Amino acid sequence: MSLLARNRGNGPAADASGKAARPGGKDPRSAGEIGAERRRSRMGYWLILPGFAFMLLFFVLPVFSLLATSLYAKPPGADVGQFVPALQFGNYADVLGAYWQELLRSFAFALVATVAALLIGYPMAYLVAVRLRGRKLLQGILLVLIIAPFFTSFILRTQAWKQILADEGPVVAVLRAVALLPEDGRLTATAFAVVCGLTYNFLPFMTLPIYANLERLDTRLIEAGTDLYASPFQTFRTVTLPLSMPGVMAGTLLTFIPASGDYINAALLGNNQDTTMIGQVIDSRFFRVVDYPGASALSFVLMLAILALVILYVRRFGTKELL
Amino acid sequence: MVQERLAEETTTAAGRDSGGADLVLDSVTKRFADFVAVDDLNLTIPAGSFFALLGPSGCGKTTTLRMVAGLEQPTSGTLSIGGRDITRTGAHERPVNTVFQNYALFPHMSVLDNVAFGLKRRKIRGAEARAKSALELVELGHLAARRPGQLSGGQQQRVALARAIVNRPAVLLLDEPLGALDMKLRRQMQVELKNIQLEVGLTFVHVTHDQEEAMTMADTVAVMNAGRVEQMGAPRELYELPRTAFVANFLGKSNLVPGEVIEDRGDAVVVNARGNRLTVLKERAAAHHGRVLVGIRPEKLKMMWPQDAAGDPDNMLHGRVADTSFTGVSTDYLVDVPGVGRLGVFSQNHGQQLARPGDEVVLCWDTAHAFGLDGREDSSAGAAEAAEAAAP
């Protein structure tokens, strides 16, 4: 959520206001006022306690439990699902050796889907936030349309894509007719279908943060850009895009992170050979093969890899506000 | 020294872009839906001049400026700079730069990058060095690395000015550039702007609703009202000889006395205003017969005690003081003249005895100071707008 809320003040006056507070010297407030303020700030700690407790119970502890499980060993002759606590770091080498392809594929799919969602979502956000500025009704309708898919279930929408891309469906028919797809070519059960599903399902997560950012863009800055000899494209590249980077960062992270761990799209729209994503592997390790240490190790690897990629990304493109 | 260097650059750069580049607006009209913002405007702004478009809010001055900048397209008419038609040219292709009302500095760039922006887009070599010397010109060289958000309003205003000037545009547009500054800083910036304009020799087109600002800085002022230019000329000319009631009231204050022409004296006409004979020179009158308005500025009125008033009974009004306000250097009087109305008198403090409300007085003036307007005009036109424009 904090990513969504972060934004830069676009107007030059944005920073100027808060400066003049307390011009040094003695604090003119009475002791009573200061005491009241201290109580208020202590109150703040009490207020974050429930959230803190929740995160401790449902995030920090599970992470440690996951870490511990990932090092468990299977004693010789044990039943299915029987493991003993150990420090078997070999689990990591085993799963990485067996599933590195799925891991890389997940990131590749997520990357392509993120880029596609950015290319679709940014113009959408720009249209609603900048071009239609001041036309409240139209803006409202379009925003509702962007969010509307959330009113149906994720699975149902993914199933619908199966129909859209089906062999006897309209998309395949058109593509075959214009010879973009061979006569026996298909779209279901391909990497293309999986990426389509990912792009579609995470599009609102891309569009909304960018919208929230562009909505505050001062359009006079765009005018200043064109006034200073920048063509419309140059103005976009040098003014609009840099100013909307916080929104782009938030949108790409909110798309990439869940997309790389997703398994529903790959399961419903992919096949069993060359579209398997890491989420599917973790799922089957946990619930079908009942290999808790392997599944835990994979989960941990996925988590660390995403974290590393995100840090690299934010370092490279991010704004000071994000790191 | 820096300024000399800049001036040199000007002559070379301007030679390419703006040599003798007059800005000409030829019957330019701009309509928004059913509202005519600019109505058949014809203007010629000579190269190198400091031109002010003065008028109340909604008079079309900002729309005119935006059309020159290319941020707005005229509904009809053409614009040209130095004979080159720019009507259909994009904003980024015009040799025109703007100092925006709220500066519109790029918040994500340093002050230096802001100033170098235009030069870099045009791939001009030594952009950074030029930007630096432009910052020196506005005395902000030491703040080049800061972000605009870290500067005060006055400093931001100078950065905006440097960012526009550094490009040596044929025409520099200023959209109420001092509006956001406090009074003291505004007066100071007025002087600086004027000096900078003289130094760099660019054509400045300045949009403002502040008549004092327009008069101090510009060498030509065009007073706009309802999408049209009411009158255009040097500040002194506009003030001393307004041609419409709007100009008379918007630019300074005027007493407008309605009357009827009753006599033609060759070079002057005599007006009967409720039994008072007022003389107006023909060259200072917009109408020579029928109903007219005789105008006299408050500071041109001389106020005397009845016993001191003698001689020529023309240009003399008898009245009673209704209100006085003493400001130190001067006293503002309101004098009720029966049948004519309430006239304002501005009296310099020469140590004379002050009149009090209720005192009988005589007002007179030099014929050379009166002006005549068409009697069909509304004598209060522009007064409300002037009051609104003066409000902070």
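Only a predicted model underlies this, so the values are computations on that prediction, with no experimental measurement involved. Letters go in sequence order (proteins before strands), and every chain restarts at 1.
In terms of heavy-atom proximity, A:Ala224 sits nearest to B:Ala104 at CB-O, 3.7 Å.
A:Asp227 CG to B:Leu173 CG: the interatomic distance, rounded to the nearest 0.5 Å, is 7.0 Å. Here the CG atom belonging to B:Leu105 is positioned 11.0 Å from the CZ atom belonging to A:Arg220, to the nearest 0.5 angstrom.
Shown here is A:Phe54, whose CZ atom has no more than 12 heavy atoms of other residues, nucleotides or ligands within 6.0 Å. Heavy-atom neighbours of B:Arg84 CZ from other residues, nucleotides or ligands within 6.0 Å: at or below the threshold of 12. Heavy atoms from other residues, nucleotides or ligands lying under 6.0 Å from CZ of A:Phe52 number 12 at most.
Contact annotation for A:Gln234: only side-chain heavy atoms (C-beta onward) come within less than 4.5 Å of a heavy atom of chain B. Residue B:Arg66 touches chain A through its side chain alone, counting heavy-atom pairs closer than 4.5 Å.
B:His108 is not listed as a side-chain neighbour of A:Met245, based on a closest heavy-atom distance of 4.5 Å or more. Looking only at side-chain heavy atoms (C-beta outward), B:His92 and A:Pro232 come within less than 4.5 Å of each other. Contact of the B:Pro107 side chain with the A:Leu221 side chain is registered, since non-hydrogen atoms from C-beta on lie closer than 4.5 Å.
Looking at A:Thr238, A:Leu243, A:Leu228 one by one, the single match for side-chain contact (heavy atoms from CB on, under 4.5 Å) with B:Phe106 turns out to be A:Leu228.
Judged by the 6.0 Å and 45° rule, B:Arg121 forms no cation-pi pair with A:Tyr229.
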